[in-house]
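Pasting a structure here, questions to come.
The basis for the numbers below is simple: all heavy atoms, side chains too, and nothing from hydrogens, waters or symmetry mates.
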Amino acid sequence: AGLRNGNIVNIEAASNAIRNAIENAEQNAGIEVHSCFTAVGGEQIEGINSTGKVGVTAKGKGQREISEEDIRRVKESATAVQISLGREMLHVITQDYIVDHVDGIKDPLHRLGICLEASVHIITTSSSIIQNITECINRSGLNVDGVVLKTLAATQAVVNEDELELGSILVDLGAGTTDILLLHHGAPIFTASIPYGGNIVTNDIAQVLGISVAEAERLKVEYGCCWPENVSSDETVVINGIGGQPPREIPRAELCEIISARVEEIFNIKP
């Protein structure tokens, strides 16, 4: 409640939704919650790849050990990019270090070198989005410990080390948006969001079958499938009647075709 396509459009409604979710979580977990991390996504998120380069020693001085100060300086160099007014950096994630033209280094500390380079992925977001979500959470009675990109948080939960290193695409198909994070060699290299998600699938079902959005959501959750080959031709689903009308049956394959068409369209949209 209070959100549209990942953006907060009603602070009071969103605050109430957060409060209800926290109360349910407290009851189920048997603990009292005072603070939280919040995840953000949607079209307001932008990812930028950038590089930085610093000298470890002066010209002609030879090699020395790379220090934490050198790493701090090269990160500072890599993040010296122009950011639009009203935006702020959410994350700066190191992809790779290069020491004297040798790449693929994850931790350059104490290596001998003359020149240090770094490749980073910078994730930025709208400052107003951070302020709005923080206000919603504060109104619900909680403090905000931090704000993270939701696909980055999902990566920590579902992507294992081999998948992270070899390369994966994480797709988070939410209610209002579909968020994407491309991972390679242990770090994100591309971030994007599409302003379509599960809600548009529910609306398609409601319109095609001539039923309420609530009933369409129930059918999607209980019987939905976006891969027609997984649905048997003799399976049926029952649609609850409204306004005194009796229930009716339709082939589950018909429901699947509605879902499949929209999901295929979502997956073919270029971010």
Query raised in the report: Quick one: are Lys150 and Thr177 in side-chain contact, heavy atoms under 4.5 Å?
Result: yes
**Report entry** Co-membership, hydrophobic cluster, residues Phe37 and Leu152, 4.5 Å side-chain
**Finding:** no
Query - CD/Gln82: more than 12 non-hydrogen atoms of other groups inside 6.0 Å - result: no
Requested in this report: Show your working on side-chain hydrogen bond (donor to acceptor under 3.5 Å, both in side chains) between Asp172 and Thr151 and close with a plain yes or no.
Outcome: CA-CA 7 Å; Asp172 182 354; Thr151 44; over 6 Å; no
Report task. Carefully, step by step, assess Ser168 and Leu164 under the rule side-chain contact (heavy atoms from CB on, under 4.5 Å). Result -> CA-CA 6 Å; Ser168 298; Leu164 193 64; over 6 Å; no
Query raised in the report: At their closest point, which heavy atom of Thr178 faces which heavy atom of Tyr196, and how far apart are they?
Result: OG1-O, 2.7 Å
Requested in this report: First locate atom CZ of Arg248, then atom CD1 of Ile239, and finally report the distance between them rounded to the nearest 0.5 Å.
Outcome: 4.0 Å
Query raised in the report: Would you say Leu142 and Ser35 make side-chain contact, with heavy atoms under 4.5 Å?
Result: no
Report task. Could you state whether Leu183 and Ile122 fall into the same hydrophobic cluster, counting links through intermediate Ile, Leu, Val, Met, Phe, Trp or Tyr residues with side-chain heavy atoms under 4.5 angstrom apart? Result -> no
**Report entry** Side-chain heavy atoms of Glu68 within contact of Leu109, under 4.5 Å
**Finding:** yes
Report summary line: Note: Asn230 and Glu235 closest approach over all heavy atoms is O-OE2, 4.5 Å
Query raised in the report: Ion pair present between Arg72 and Glu76, side-chain N to carboxylate O less than 4.0 angstrom?
Result: yes
Query - CD/Glu161: more than 12 non-hydrogen atoms of other groups inside 6.0 Å - result: no
Query raised in the report: Would a 4.5 Å heavy-atom cut-off, applied to side chains only, mark Gln44 and Ser128 as touching?
Result: no
Query - Glu69 atom CD, over 12 foreign heavy atoms within 6.0 Å - result: yes
Query - Exercise: do Asp70 and Ser67 side chains pair donor with acceptor under 3.5 Å - result: yes
Report task. Pick out which of Val231, Ile250, Leu255, Val238 makes a side-chain contact (heavy atoms from CB on, under 4.5 Å) with Tyr223. Result -> Leu255
Report summary line: Exactly one of Thr191, Leu90, Ile48, Ile45 clears side-chain contact (heavy atoms from CB on, under 4.5 Å) with Thr124, and that residue is Ile48
Query raised in the report: Are Ile22 and Arg19 close enough, and set up right, to give a side-chain contact (heavy atoms from CB on, under 4.5 Å), and what steps lead you there?
Result: CA-CA 5 Å; Ile22 293 298; Arg19 189 179 298 110; 5.9 Å; no
Query - Side-chain touch Glu254/Leu209, heavy atoms, less than 4.5 angstrom - result: yes
Query - Minimum side-chain heavy-atom gap Arg64-Val56 below 4.5 Å - result: yes
Query raised in the report: Are any non-hydrogen side-chain atoms of Leu112 and Glu65 less than 4.5 angstrom apart?
Result: yes
Requested in this report: Would you please say whether a donor-acceptor pair under 3.5 Å links the side chains of Glu217 and Thr202?
Outcome: yes
Query raised in the report: How far apart are the closest heavy atoms of Thr236 and Glu249, and which atoms are they?
Result: OG1-OE1, 3.7 Å
Query raised in the report: Taking side chain as C-beta onward, heavy atoms only, is Glu165 less than 4.5 Å from His185?
Result: yes
**Report entry** Minimal non-hydrogen separation, Gly198 against Leu173, with atom names
**Finding:** N-CD2, 3.5 Å
